[in-house]
There are 2 protein chains.
Amino acid sequence: MAVRRKLSGPCTAWPEDSAFIREVLDRIGDKWTVLVISTLASGPLRYSDLHASVPGISQRMLTVTVKELERDGLVTRTAYPEVPPRVVYELTELGQSLREAVLALAGWAAGHHEAVAAHRAQHVLTGVGRAAAAGPR
Amino acid sequence: MAVRRKLSGPCTAWPEDSAFIREVLDRIGDKWTVLVISTLASGPLRYSDLHASVPGISQRMLTVTVKELERDGLVTRTAYPEVPPRVVYELTELGQSLREAVLALAGWAAGHHEAVAAHRAQHVLTGVGRAAAAGPR
DNA sequence: CAGAATCCCCACGGATACTG
DNA sequence: CAGTATCCGTGGGGATTCTG
């Protein structure tokens, strides 16, 4: 990697990377998908447990998220026709592989978020964005 | 990795992974950030060229995105005080490292999007979502 | 040329109520 | 218990206009 692509022509478009990037970003870029996947990584969970294990998620979003994940083959949904309904969600191999990929991203954040935070703070102190002590409004 | 964490207690929250995941997702989860980074990976570009190289992006979003990237130390902004203003944006080492991490994700998509598409199609055929031939509206 | 400012639409997602 | 249905606020982001 890092082939140091010679910046030759204008190149108005990228190879095909961007398409894949958008694809995966559309999948995990939302607010809850990766959280649900991460939670399911510990093992199968039923709806209510999953709901309790993802603090802050609404029933609606849990349902929507889990439904999309099932549609894409990232999780499996198993419903037991019992008196109190019981539905168990489990990560598939595919879902597991996605989680690993996402963890790599988390690894980047873990290794660089300090640098980002430092640079952000410095940026504020430097007053690049606004004139120093600019009045409100 | 993948230490097969024993799913013992209720564990209402995850270790610290989720925090990092959210952090990096808040950064690259939007519509244009990774596209801009990918474009800048080929080499420094001035505003207009960058705008032309990212098809579909508006001036507003280009400005906003590039500003955030600069604030976080992922790109540098260099303005030349000339008659027609010239501003050049360049990826920093930090930005480059993030791009590499994102490329890993793209790699996942490249290797599995077929499986996802297949499963999605199968899901439609099975008619899991709706009754077959449901009328429009 | 490189933005800053303004207006506005609509999709994402939260809260709540109802059902099998 | 495991959803489904509905209403509705917020803000991400597009189009357009103005400025240094």
Side-chain angles (χ1 to χ4, degrees), chain A residues 10 22 25-37 39-40 44-71 75-90 123 127-131 134-137, chain B residues 10 22 25-37 39-40 44-71 75-90 123 127-131 134 137:
Chain A
R22 290 305 278 270
L25 241 42
D26 285 344
R27 177 95 280 110
I28 69 170
D30 66 18
K31 200 172 179 182
W32 299 110
T33 297
V34 292
L35 280 311
V36 170
I37 289 180
T39 304
L40 247 24
L45 284 176
R46 47 193 299 184
Y47 187 87
S48 55
D49 292 338
L50 192 50
H51 189 210
S53 297
V54 184
I57 196 173
S58 61
Q59 304 90 322
R60 179 181 133 82
M61 279 297 118
L62 210 223
T63 301
V64 169
T65 301
V66 113
K67 212 179 270 184
E68 290 183 352
L69 288 177
E70 186 202 2
R71 191 195 55 169
V75 307
T76 58
R77 192 193 104 114
T78 312
Y80 299 88
E82 302 174 355
V83 186
R86 184 163 56 104
V87 177
V88 174
Y89 293 94
E90 183 170 12
H123 202 267
V128 184
R130 278 290 110 191
R137 200 246 174 297
Chain B
R22 290 307 277 270
L25 241 43
D26 287 344
R27 177 97 281 111
I28 69 170
D30 66 19
K31 199 174 180 182
W32 299 109
T33 297
V34 293
L35 280 311
V36 170
I37 289 180
T39 303
L40 248 22
L45 284 178
R46 45 193 301 181
Y47 187 86
S48 53
D49 292 338
L50 192 51
H51 188 208
S53 298
V54 183
I57 196 172
S58 61
Q59 303 90 326
R60 179 181 135 80
M61 282 332 282
L62 212 223
T63 302
V64 169
T65 302
V66 113
K67 211 180 269 182
E68 289 182 354
L69 289 176
E70 186 202 3
R71 191 194 55 169
V75 307
T76 57
R77 193 193 103 116
T78 312
Y80 299 89
E82 302 172 354
V83 185
R86 183 164 57 103
V87 178
V88 174
Y89 293 95
E90 184 170 12
H123 201 267
V128 185
R130 279 289 111 191
R137 173 69 191 92

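Each chain gets a letter, A, B and so on, in the order its sequence line appears, and its residues count up from 1.
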Original post:
What's the NZ-P distance between B:K31 and D:dG12, to the nearest Å?
Top reply: 14 Å
Original post:
Between A:R46 and D:dA2, is there a side-chain N or O to OP1/OP2 distance below 4.0 Å?
Top reply: yes
Original post:
Could you state the CG-C1' distance from B:D30 to D:dG11, rounded to the nearest angstrom?
Top reply: 13 Å
**OP:** Find which nucleotide of DNA chain C each of B:Q59 and A:G56 is nearest to by heavy atoms, and output the residue with the more 5' nucleotide.
**Re:** B:Q59
Original post:
If you find the nucleotide of DNA chain C closest to A:P85 and the one closest to A:G29, which residue's nucleotide is nearer the 5' end?
Top reply: A:G29
**OP:** Quickly work out the A:Y80 OH to C:dG20 P distance and round it to whole Å.
**Re:** 25 Å
Original post:
Do any side-chain nitrogens or oxygens of B:R60 fall under 4.0 Å of OP1 or OP2 in D:dA15?
Top reply: no
Original post:
In terms of side-chain heavy atoms of B:P84, which of D:dG3, C:dC1, D:dG14 is nearest?
Top reply: C:dC1
Original post:
Under 4.0 Å between a side-chain N/O of A:Y89 and OP1 or OP2 of D:dG3, yes or no?
Top reply: yes
Subject >> Ion pair B:E68/B:R27, N-O distance below 4.0 Å >> reply: yes
**OP:** Please check if the side chain of B:H51 supplies one atom and the backbone of B:I57 the other of a donor-acceptor pair under 3.5 Å.
**Re:** yes
Subject >> Among C:dG13, D:dG13, D:dA2, the one nearest A:R77 by side-chain distance >> reply: D:dA2
Original post:
Closer than 4.0 Å, any side-chain N/O of B:S48 to the OP1 or OP2 of C:dA2?
Top reply: yes
Original post:
Are any non-hydrogen side-chain atoms of B:Y47 and B:T63 less than 4.5 angstrom apart?
Top reply: yes
**OP:** Would you mind reporting whether A:R22 and B:K31 have side-chain heavy atoms less than 4.5 Å apart?
**Re:** yes
Subject >> Protein-nucleotide distance (B:Y47, atom OH; C:dC1, atom P), rounded to Å >> reply: 12 Å
Subject >> Short side-chain N/O contact to C:dG3 OP1/OP2 from B:K67, under 4.0 Å >> reply: no
